[in-house]
**Student:** 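I am attaching a structure below and will ask some questions about it afterwards.
Below, chain A is the first sequence line, B the second, and so on; all start at residue 1.
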Protein chains: 2
Amino acid sequence: MAIKDVSAAFRALSDPIRRDILKKLRKRSMTPSELAIHFPISKPSLSHHLNILKNANLIDDERQGQKIYYSLNATVFYDVMNNFLNNFR
Amino acid sequence: MAIKDVSAAFRALSDPIRRDILKKLRKRSMTPSELAIHFPISKPSLSHHLNILKNANLIDDERQGQKIYYSLNATVFYDVMNNFLNNFR
DNA sequence: TAGATATTTAGATTATCGTCTAAATAATAA
DNA sequence: TTATTATTTAGACGATAATCTAAATATCTA
């Protein structure tokens, strides 16, 4: 999956909580409940942030029973950055 | 000048007009009036966008008489991107 | 089928954003 | 000084965003 919307990607990255979520997911996939431990916001708010990251194609999700595992979509992540940087080289 | 605020930089980059302004400034410094030709917004709106880019340290300004020349601050620009990418390597 | 756990959706509230017009400031030129 | 040009500031308005609580949906287990 390629870059759908550069604006959405940058907007997603403009929030420190969302950048921290990506940093957590860099190490391993995590569920919303696992992530929630690290952030001082309600679960609906966390869900909202995850949705924004997902719509920007920066993360993927996969349900396993009751749990949903979110993971970093490194490909799109680099695509956004590199495509953008190439415009300025 | 280093990165003051990563959030401000990404937020600045989340608007397509502001990204287009940066692309124009990649080639040469330009005044608000010169830039205005290329964008379908009022001059106060353009001024607002330039202010956001300036607060994010993505551009510099320099007055020459009546005119103010805006230029890309490539250093900060790359710093934001590279520092961020390094976090995900 | 209930009950428990995991997550999202709905709806409200407050704050921020992008835009405009009108007015103000700054510099130059007649 | 007065007029002209370049740009920003002020203030308003509608749209979007981040957050919360309460309720709904989905899955598993007894």
**Student:** Is any side-chain N or O of A:Y69 closer than 4.0 Å to OP1 or OP2 of C:dA6?
**Tutor:**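 Answer is no, no contact under 4.0 Å.
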**Student:** Under 4.0 Å, heavy atoms only, any strand: does B:D15 hit a base, just the sugar-phosphate, or nothing?
**Tutor:**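 Sugar-phosphate only.
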**Student:** For the residue pair B:D79 and B:N57, establish whether any side-chain heavy-atom pair is separated by less than 4.5 Å.
**Tutor:**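 The answer is no; the side chains never approach within 4.5 Å.
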**Student:** Reckon A:S33 has a side-chain N or O less than 4.0 Å from the OP1 or OP2 of C:dT5?
**Tutor:**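 Checking C:dT5 against A:S33, no side-chain N or O comes under 4.0 Å of OP1 or OP2.
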**Student:** Decide yes or no for A:L35 and A:L50: does some side-chain heavy atom of the first lie under 4.5 Å from some side-chain heavy atom of the second?
**Tutor:** yes
**Student:** In residues 36-43 of chain B, which residues come under 4.0 Å of DNA chain C by heavy atom?
**Tutor:**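 Within residues 36-43 of chain B, the residues near DNA chain C are B:I41, B:S42.
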**Student:** Could you check how far CD1 of B:I17 sits from C1' of C:dC20, rounded to whole Å?
**Tutor:** 13 Å
**Student:** Heavy atoms, side chains only, cut-off 4.5 Å: are B:R28 and B:Y69 in contact?
**Tutor:**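 No, their side chains stay 4.5 Å or more apart.
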**Student:** Would you mind reading off the distance between B:N51 atom CG and D:dA10 atom P, rounded to a whole angstrom?
**Tutor:**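 For the pair B:N51 CG and D:dA10 P, the rounded distance is 11 Å.
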**Student:** CD of B:E62 versus P of C:dA27: gap in Å, rounded?
**Tutor:** 14 Å
**Student:** Answer with base, sugar-phosphate or nothing: what part of the nucleic acid does B:I52 contact at a heavy-atom distance below 4.0 Å?
**Tutor:** sugar-phosphate
**Student:** So A:I21 and A:L46, do their side chains get closer than 4.5 Å, heavy atoms only?
**Tutor:**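 They are in side-chain contact.
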**Student:** Between A:S33 and A:K67, is there a side-chain heavy-atom distance shorter than 4.5 Å?
**Tutor:** no
**Student:** With heavy-atom distances below 4.5 Å as the criterion, would you say the side chains of B:H49 and B:I41 are in contact?
**Tutor:** yes
**Student:** Looking only at side-chain atoms of A:Q66, point me to the closest of C:dT5, C:dT8, C:dG18.
**Tutor:**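 Among the listed nucleotides, the one closest to the side chain of A:Q66 is C:dT5.
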**Student:** Starting the side chain at C-beta, find the nucleotide from C:dG18, C:dC20, C:dA6 nearest to B:H49.
**Tutor:** C:dG18
**Student:** Using the side-chain heavy atoms of A:P44, tell me which of these nucleotides is nearest: D:dA18, C:dT8, D:dT8.
**Tutor:** C:dT8
**Student:** Could you give the NZ-to-C1' distance, from B:K67 to D:dT8, as a whole number of Å?
**Tutor:**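 Answer to the nearest Å: 17 Å.
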**Student:** Under a 4.5 Å cut-off applied to non-hydrogen side-chain atoms, are A:H38 and A:K23 in contact?
**Tutor:** no
**Student:** Starting at the 5' end of DNA chain D, which residue's closest nucleotide do you reach first, A:S14 or B:T31?
**Tutor:** B:T31
**Student:** Indicate whether OP1 or OP2 belonging to D:dT19 is found under 4.0 Å from a side-chain N or O atom of A:S45.
**Tutor:**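 No, because none of the side-chain N or O atoms of A:S45 sits under 4.0 Å from OP1 or OP2 of D:dT19.
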**Student:** Quick one: B:N55 CG to D:dT9 P, roughly how many Å, whole number?
**Tutor:** 10 Å
**Student:** Any chance you could lay out the side-chain contact (heavy atoms from CB on, under 4.5 Å) test for B:K24 and B:F39, step after step, and finish with the verdict?
**Tutor:** CA-CA 11 Å; B:K24 294 283 182 207; B:F39 301 99; 4.3 Å; yes
**Student:** Quick one: does B:D5's side chain get under 4.5 Å of B:N55's, heavy atoms only?
**Tutor:**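 SC-SC contact between B:D5 and B:N55 ruled out.
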**Student:** Nearest-Å distance, CZ (A:R11) to C1' (D:dA18)?
**Tutor:** 14 Å
**Student:** Is there a donor-acceptor pair closer than 3.5 Å between any side-chain N or O of A:R26 and the backbone N or O of A:A74?
**Tutor:**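 No: the side chain of A:R26 does not pair with the backbone of A:A74.
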**Student:** Among C:dT8, C:dC20, C:dG18, find the nucleotide with the atom closest to the side chain of A:I68.
**Tutor:**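 Within the option list, the nearest is C:dT8.
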**Student:** Separation of A:D61 atom CG from D:dA26 atom C1', in whole Å?
**Tutor:**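 Rounding to the nearest Å, CG of A:D61 and C1' of D:dA26 are 14 Å apart.
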**Student:** Side chain of A:H48, heavy atoms from C-beta onward: which of C:dT7, D:dA18, D:dT8 has the nearest atom to it?
**Tutor:**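 Comparing C:dT7, D:dA18, D:dT8 against the side chain of A:H48, the answer is D:dA18.
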**Student:** Without decimals, in angstroms, what is the distance between A:K54 NZ and C:dT9 C1'?
**Tutor:**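 Atom NZ in A:K54 sits about 14 Å away from atom C1' in C:dT9.
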**Student:** Are B:M30 and B:I52 in one and the same hydrophobic cluster, where Ile, Leu, Val, Met, Phe, Trp and Tyr link if side-chain heavy atoms are under 4.5 Å apart?
**Tutor:**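 Per the 4.5 Å side-chain linkage, B:M30 and B:I52 are not co-clustered.
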**Student:** Which residue lies toward the 5' end of DNA chain D, A:Q64 or A:L46, if each is placed at its nearest nucleotide?
**Tutor:**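 Residue closer to the 5' terminus by nearest nucleotide: A:L46.
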**Student:** Taking only side-chain N and O atoms of B:S47, does any of them lie within less than 4.0 angstrom of OP1 or OP2 on D:dT9?
**Tutor:**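 So the side-chain polar atoms of B:S47 never come under 4.0 Å of the phosphate oxygens OP1 or OP2 of D:dT9.
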**Student:** Output a table of nitrogen or oxygen pairs between the protein and nucleotides 11-15 of chain C separated by less than 3.5 Å.
**Tutor:**
none

**Student:** Can a side chain N or O of A:R63 be found less than 4.0 Å away from OP1 or OP2 on C:dT7?
**Tutor:**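 No, A:R63 has no side-chain N/O under 4.0 Å of OP1/OP2 on C:dT7.
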